[in-house]
Amino acid sequence: MDRTRQQQALLLLPICLAFAFSLTAVVSSHWCEGIRRVVKPLCQDQPGGQHCIHFKPDNSSNGRMDNDSQAVLYIWELGDDKFIQRGFHVGLWQSCEESLNGEDEKCRSFQSVVPAEEQGVLWLSIGGEVLDIVLILTSAILLGSRVSCRSPGFDCLRVDALVAIFMVLAGLLGMVAHMMYTTIFQITVNLGPEDWKPQTWDYGWSYCLAWGSFALCLAVSVTAMSRFTAARLEFTEKQRAQNGSQHSQQSFPEPEASESVWKTGAAPRPAGQAFRNVSGHLPSGAPGKVSIC
């Protein structure tokens with residue numbers, strides 16, 4: 001494997017890493033994580049539970065318990081003891097929240113909690129993320145086919161140019177989609193339903209993976225463009241050098257020996273011998289002076 005193909009093989013690694021980051025971020029639901037503060041339920045179904053409100057029904061004076069409509073409940077939990085904090089995490093597709101027992105999660109569609117006027121922006125954000133993945137995958141296929149196959153040198157330049165364009169487009173689309181999702185989530189926190197609003201929240205690991213993919217896309221684009229520019233200049237200089245050498249050979253052809261002695265009508269021979277041969281054919285009494293052009 002030559003040096004150019006080795007460089008392209010190394011460039012393929014960050015492209016595959018960016019693709020894995022983007023795909024994982026899109027399918028996961030940890031873009032934002034936080035805590036919700038909810039009221040504890042009554043301990044009717046789980047007596048003695050730790051995550052419910054304990055109460056004591058009032059008995060009537062004759063020793064029997066009144067019916068449920070007339071019962072008086074004495075609640076021992078006051079203030080913050082009446083509330084429980086449950087963790088939640090949100091992604092592009094769904095929002096999940098811990099259950100009371102903490103063993104499983106209850107999930108629902110994130111689109112169902114987004115305000116109606118922001119639904120279109122959410123779908124634009126999802127479309128940008130999907131198109132980002134498609135562009136990264138296209139760049140990986142192009143560069144992988146170039147590494148595995150041998151073709152003329154100029155095809156290498158063309159592949160580098162296409163990879164640089166696709167990766168910078170993927171990075172810009174991903175950046176816009178991330179910012180749109182962040183805006184939508186903040187609007188939903190302020191205007192969303194009361195049974196969903198978080199008390200505190202922060203960005204999760206999926207959000208970090210999405211921005212990591214953006215950074216890798218820009219790095220690959222800059223690297224591919226610099227390699228394309230350097231290879232293009234080298235290719236142009238080689239072409240100029242080849243054209244210059246061919247032009248110099250055509251401008252100064254080597255003289256042929258038959259043209260230098262066309263006056264004598266004889267084959268080329270060493271110097272001095274031509275004079276003896278010519279003088280030998282002169283008539284007697286003719287001067288021995290010979291002029292050769």
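Model, not experiment: these values are computed from the prediction. Scope of the values below: all heavy atoms of this structure, side chains included, with no hydrogens, waters or symmetry mates. Along the sequence shown, residues are numbered consecutively beginning with 1.
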>> Exactly one of Thr182, Val189, Thr188 should register a side chain to side chain contact (heavy atoms under 4.5 Å, CB included) with Gln186. Which one does?
In response: Thr182
> So which heavy atom on Ser221 is nearest to which on Ala164, and how close?
Replying inline: OG-O, 3.0 Å
> Linking Ile, Leu, Val, Met, Phe, Trp and Tyr through side-chain heavy atoms less than 4.5 Å apart, which residues share a cluster with Leu209?
Replying inline: Leu17, Phe21, Trp205, Leu216
> Does any donor atom in the side chain of Glu105 or His89 lie under 3.5 Å from an acceptor atom in the other side chain?
Replying inline: yes
> Got a donor-acceptor contact below 3.5 angstrom from the Ser125 side chain to the Ala177 backbone?
Replying inline: yes
> Can you name the side chain to side chain donor-acceptor pair (under 3.5 Å) partners of Glu117, sequence neighbours left out?
Replying inline: none
>> Set out, in order, the CA-CA distance, both residues' side-chain angles and the distance that settles side-chain contact (heavy atoms from CB on, under 4.5 Å) for Phe185 and Val114, then state yes or no.
In response: CA-CA 8 Å; Phe185 181 80; Val114 175; over 6 Å; no
> If you round to the nearest 0.5 Å, how far is OG1 of Thr138 from CG of Leu143?
Replying inline: 12.5 Å
> Is the ring centre of Trp31 less than 6.0 Å from the ring centre of Tyr181?
Replying inline: yes
>> Rounded to the nearest 0.5 Å, what separates atom CD1 in Ile15 from atom CG in Leu10?
In response: 11.5 Å
> Sequence neighbours excluded, which residues qualify as disulfide bond (SG atoms under 2.5 Å apart) partners of Cys107?
Replying inline: Cys96
>> Could you report the tightest heavy-atom contact between Glu118 and Ile184, atom names first, then the distance?
In response: O-CD1, 4.4 Å
> Taking atom CD1 of Ile141 and atom CD1 of Ile136, what is their separation to the nearest 0.5 Å?
Replying inline: 12.5 Å
>> On a heavy-atom basis, which atom in Trp93 and which in Val26 lie closest, and how many Å separate them?
In response: NE1-O, 3.0 Å
>> For a quick test of reading the model, state the closest non-hydrogen atom pair linking Leu124 to Met180 and the distance between them.
In response: CB-CE, 3.3 Å
>> Would the distance check show the side chain of Glu129 and the main-chain N or O of Ser22 forming a donor-acceptor pair, the cut-off being under 3.5 Å?
In response: no
>> Going by side chain to side chain donor-acceptor pair (under 3.5 Å), name the residues that satisfy it together with Gln199, two or more places apart in sequence or in a different chain.
In response: none
> Should side-chain heavy atoms under 4.5 Å link Ile, Leu, Val, Met, Phe, Trp and Tyr, which residues sit in the same cluster as Leu13?
Replying inline: none
> Is Ser213 reaching over with its side chain to a backbone N or O of Ala18, donor-acceptor style, under 3.5 angstrom?
Replying inline: yes
> Step by step, would you call Arg108 with Gln94 a side-chain contact (heavy atoms from CB on, under 4.5 Å)?
Replying inline: CA-CA 6 Å; Arg108 57 177 169 175; Gln94 61 182 1; over 6 Å; no
> Which atom pair, heavy atoms only, marks the closest approach of Gln85 to Ile35?
Replying inline: CB-CG2, 3.5 Å
> If we only count heavy atoms from C-beta on, is the Glu33 to Asp202 side-chain gap below 4.5 Å?
Replying inline: no
>> I'd like to know if the side chain of Thr183 and the backbone of Met179 have a donor-acceptor N/O pair within less than 3.5 Å.
In response: yes
>> Rounded at 0.5 Å granularity, tell me how far CD1 in Ile133 sits from CG in Leu23.
In response: 5.0 Å
> Using a side-chain heavy atom cutoff under 4.5 Å and only I, L, V, M, F, W and Y, what cluster partners does Val222 have?
Replying inline: none
>> Check the orientation of Tyr207 and Trp211. Use parallel for under 30°, tilted for 30 to 60°, and perpendicular for over 60°.
In response: perpendicular
> Considering all heavy atoms of both residues, which atom of Cys217 and which atom of Ala170 are nearest to each other, and what is their separation?
Replying inline: SG-CB, 4.2 Å
> Could you go step by step and tell me if Trp123 and Ile126 meet the side-chain contact (heavy atoms from CB on, under 4.5 Å) rule?
Replying inline: CA-CA 5 Å; Trp123 283 111; Ile126 294 175; 4.0 Å; yes
> Counting N and O atoms only, with roles assigned by atom type, does the side chain of His178 sit under 3.5 Å from a partner on the main chain of Ala210, one being a donor and the other an acceptor?
Replying inline: yes
> Hey, is the main chain of Glu98 close enough, under 3.5 Å, to the side chain of Lys106 for a donor-acceptor pair?
Replying inline: no
>> Distance check, rounded to the nearest 0.5 Å: Asp132 atom CG versus Met175 atom CE?
In response: 11.5 Å
